[in-house]
Amino acid sequence: MYAVQELLSTMFLERKRRIPMTEGRFQPTLGGAIVFKWWRSDTAQWIDGKEIRDHVPRWNDEAGDDEWYELSHEDPQLGQADPWLIARTSAEYQPLREHEALVWEFASLPFERDAYTVFAKRFGPLTRKDAGRLPDRLSFWVQEHSYLRYAVSLYQAIENRTTDDLESLGIRTAPAPGDASRTELVASAALVPDPPLARFLEDVSAEFGPETARLLNDRIASEAAYALIEADASTRRIVQMALATIITGSLAHHSVDPLLDPDVSPLGMGLTMSFRVSDLIGAMWLQLALAAAGNKTFRSCPVCGTWWNASGARSHKTVCSNKCRAKQAYERRKAAKEEAAESDESS
Ligand SMILES: [Zn+2]
């Protein structure tokens, strides 16, 4: 008996004595653990290209025109068709912690300037606007929106097991030149007909001319992913490869970098693998990456429209919360009652 106790206490001491590199492992959702602060922008609004000089903070009013290099060289052809988002900072918040489905919210927006304004008021601009740096342009929003929306469509195809028709997913494959063991794939939103985007471009064309619409379309089409994969890969694997290539490229493009963070764990001890995020668009790509790696499922609530994390939820659960479930039940009872009343009258 004593021996057992002794053994147990030795084991306990052994365990206590071992000091791990990382204590108190904290891995709820990784996204929730990443420290990334951003600002909502109650006053967000789009202004015409020519007004920008009145709105961008300058280092020095006496400075020469060199300072405006970026301004004068960035897509001058788009001109007035490419307004700037003036977004002053209001309440600070933590996007990855407070809005788990933000990337789904963004991807499901319509291609409308007003919808972007509402989003910017709630969640802020896509990139940082420090002094001397230019704010977001509308073409940038359309481009990122279209690309994220495309990535989310691939995500959903993988989730729903509807990956058979690669062409309809904007993916083209061909034998890799000079390597029979490989297939090359190109994935692009521009290869999929997107009626809402087409309508948006028609509006741009009507207001600013066909040349401007074409330039905008070229910018969107320039976001394409290229990868090599084994020649006998299944369509599901090809779509996964396309999605992975798009997300990996976007994380690099938006400066999302890995880092070891001593502050992430709740006990403030140890080092945890985390990510450095510098703007909202990077945060949304990271959210998509973490969702893909974590096999997460998000659904849109039929009652309030909010996207919610449905990972692990029963398949018949469709609404986001008990509040929405109650509302849905009430609406159904009401509809049933009205129907019953109607059939009483008619009989
Ligand atoms: Zn809801």
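What you are looking at is a predicted structure, and each value in this text was computed from that prediction instead of being measured. Position 1 is the first residue of the sequence, and the numbers go up from there.
Nearest heavy atom pair, residue Pro177 against residue Glu184, reads CD-OE1, 3.6 Å. In terms of heavy-atom proximity, Thr163 sits nearest to Ala157 at CG2-O, 3.7 Å. Scanning both residues, Trp104 and Ala291, for their nearest heavy atoms gives CH2-CB, 3.6 Å. Between Pro302 and Gln328, the shortest heavy-atom contact is CG-NE2, 4.1 Å. The heavy-atom pair separating Phe36 from Pro95 by the smallest distance is O-CD, 3.3 Å. Taking every heavy atom of both residues into account, Arg97 and Ile34 meet most closely at NH2-O, 4.0 Å.
Residues Arg276 and Val256 form no side-chain contact, since every pair of their non-hydrogen atoms from C-beta on lies 4.5 Å or further apart. With a 4.5 Å cut-off on side-chain heavy atoms, Asp82 and Phe140 do not count as touching. Using a 4.5 Å cut-off on side-chain heavy atoms (C-beta onward), Leu260 and Ser274 make no contact. Residues Trp308 and Val319 have side chains not in contact (no heavy-atom distance under 4.5 Å, counting atoms from C-beta outward). Using a 4.5 Å heavy-atom cutoff, the side chains of Leu154 and Gln240 are not in contact. Using a 4.5 Å heavy-atom threshold, the side chains of Ser278 and Ser255 count as touching. Side-chain contact between Leu138 and Pro83 is present, with at least one heavy-atom pair separated by less than 4.5 Å. Looking only at side-chain heavy atoms (C-beta outward), Pro258 and Met273 come within less than 4.5 Å of each other.
The closest donor-acceptor contact from the side chain of Glu105 to the backbone of Thr306 lies at 3.5 Å or more, if one exists at all. Checking side-chain atoms of Tyr150 against main-chain N and O of Leu169 turns up a donor-acceptor pair under 3.5 Å. In this structure, the side chain of Asn217 does not engage the main chain of Ala213 through any donor-acceptor pair within 3.5 Å. Using a distance-only test at 3.5 Å, with no hydrogens or angles considered, a donor-acceptor pair links the side chain of Ser343 to the main chain of Ala340. Under a 3.5 Å cut-off, the side chain of Trp38 and the backbone N or O of Pro125 do form a donor-acceptor pair. Between the side chain of Arg236 and the backbone N or O of Ile158 there is at least one donor-acceptor pair closer than 3.5 Å. Not a single donor-acceptor pair under 3.5 Å links the side chain of Ser300 to the backbone N or O of Trp307. When atom types are taken as modelled, the side chain of His145 and the backbone of Phe111 share no donor-acceptor pair closer than 3.5 angstrom. Of the possible donor and acceptor atoms, none in the side chain of Asn309 sits under 3.5 Å from a partner among the backbone N and O of Phe298. The backbone N or O of Lys317 lies less than 3.5 Å from a partner atom in the side chain of Arg299, making a donor-acceptor pair.
Counting only N and O atoms by type, the side chains of Asp136 and Trp84 include no donor and acceptor under 3.5 Å apart. Side-chain contact, Thr117 with Trp46: a donor N or O sits under 3.5 Å from an acceptor N or O. For the residue pair Thr127 and Asp279, no side-chain donor N or O sits within less than 3.5 Å of a side-chain acceptor on the partner. Of the N and O atoms on the side chains of Asn160 and Thr162, not one donor lies less than 3.5 Å from an acceptor on the other residue.
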Exercise for the section: Just do the side chain to side chain contact (heavy atoms under 4.5 Å, CB included) check on Leu191 and Glu167 with the steps written out, would you? Expected result: CA-CA 8 Å; Leu191 299 173; Glu167 197 77 14; over 6 Å; no
Handout entry: Working for side chain to side chain contact (heavy atoms under 4.5 Å, CB included), residues Lys296 and Ser311
Key = CA-CA 5 Å; Lys296 293 221 186 118; Ser311 319; 3.5 Å; yes
Exercise for the section: Begin with the C-alpha distance, continue with both residues' side-chain angles, and end with the deciding distance and a verdict on side chain to side chain contact (heavy atoms under 4.5 Å, CB included) for Leu85 and Arg137. Expected result: CA-CA 6 Å; Leu85 179 71; Arg137 295 202 86 159; over 6 Å; no
Practice task
Carefully, step by step, assess Arg237 and Ser234 under the rule side chain to side chain contact (heavy atoms under 4.5 Å, CB included).
Solution key: CA-CA 5 Å; Arg237 233 186 93 67; Ser234 65; 3.5 Å; yes
Handout entry: salt bridge (charged side-chain N to carboxylate O under 4.0 Å, His left out) evaluation trace for Arg214 with Glu211
Key = CA-CA 5 Å; Arg214 196 183 58 76; Glu211 178 65 3; 3.2 Å; yes
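The residues Arg182 and Glu230 are annotated as not salt-bridged, no charged nitrogen and carboxylate oxygen being separated by less than 4.0 angstrom. Salt bridge status for Arg88 with Asp42: absent, with no side-chain N to carboxylate O gap under 4.0 Å.
Counted within 6.0 Å of CD on Glu92, heavy atoms from surrounding residues, nucleotides or ligands total more than 12; the atom is thus considered enclosed.
For the atom pair CG of Leu215 and CG of Leu201, the computed distance is 11.0 Å after rounding to the nearest 0.5 Å. Separation of atoms OG1 (Thr235) and CD1 (Ile171) is listed at 9.0 Å; rounding is to 0.5 Å. Of the inter-residue distances, the one linking Thr183 atom OG1 with Ile238 atom CD1 reads 6.0 Å to the nearest 0.5 angstrom. The CZ atom of Arg219 lies 3.5 Å from the OG atom of Ser139; values are rounded to the nearest 0.5 Å. Distance check: Tyr147 OH to Ser222 OG gives 9.0 Å after rounding to the nearest 0.5 Å. Here the straight-line distance linking atom OG of Ser153 with atom CG of Leu243 works out to 9.0 Å at 0.5 Å rounding.
When the side chains of ILVMFWY residues are joined at heavy-atom separations under 4.5 Å, either directly or via intervening members, Leu109 and Val192 end up in a single hydrophobic cluster. Linking Ile, Leu, Val, Met, Phe, Trp and Tyr whenever their side-chain heavy atoms come within less than 4.5 Å puts Val239 and Ile229 in one cluster. Placement of Leu280 and Trp39 within a single hydrophobic cluster is found when ILVMFWY residues are connected by side-chain heavy-atom separations under 4.5 Å, directly or transitively. Residues Phe119 and Tyr93 share a single hydrophobic cluster, defined by chaining ILVMFWY side chains whose heavy atoms lie under 4.5 Å apart. Both Phe123 and Val142 are members of a single hydrophobic cluster when ILVMFWY side chains are connected at heavy-atom separations under 4.5 Å.
Remark: Glu98 engages Arg40 in a salt bridge (Lys or Arg N to Asp or Glu O under 4.0 Å) (not counting sequence neighbours).
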Distance-only criterion, 3.5 Å: show the donor-acceptor pairs between side-chain atoms of residues 281-289 and protein atoms not counting sequence neighbours.
residue	atom	partner	partner atom	Å
Trp285	NE1	Glu144	OE1	3.3
Gln287	OE1	Leu102	N	3.2
Gln287	OE1	Val103	N	2.8
Gln287	NE2	His99	O	2.7
Gln287	NE2	Glu100	O	2.8

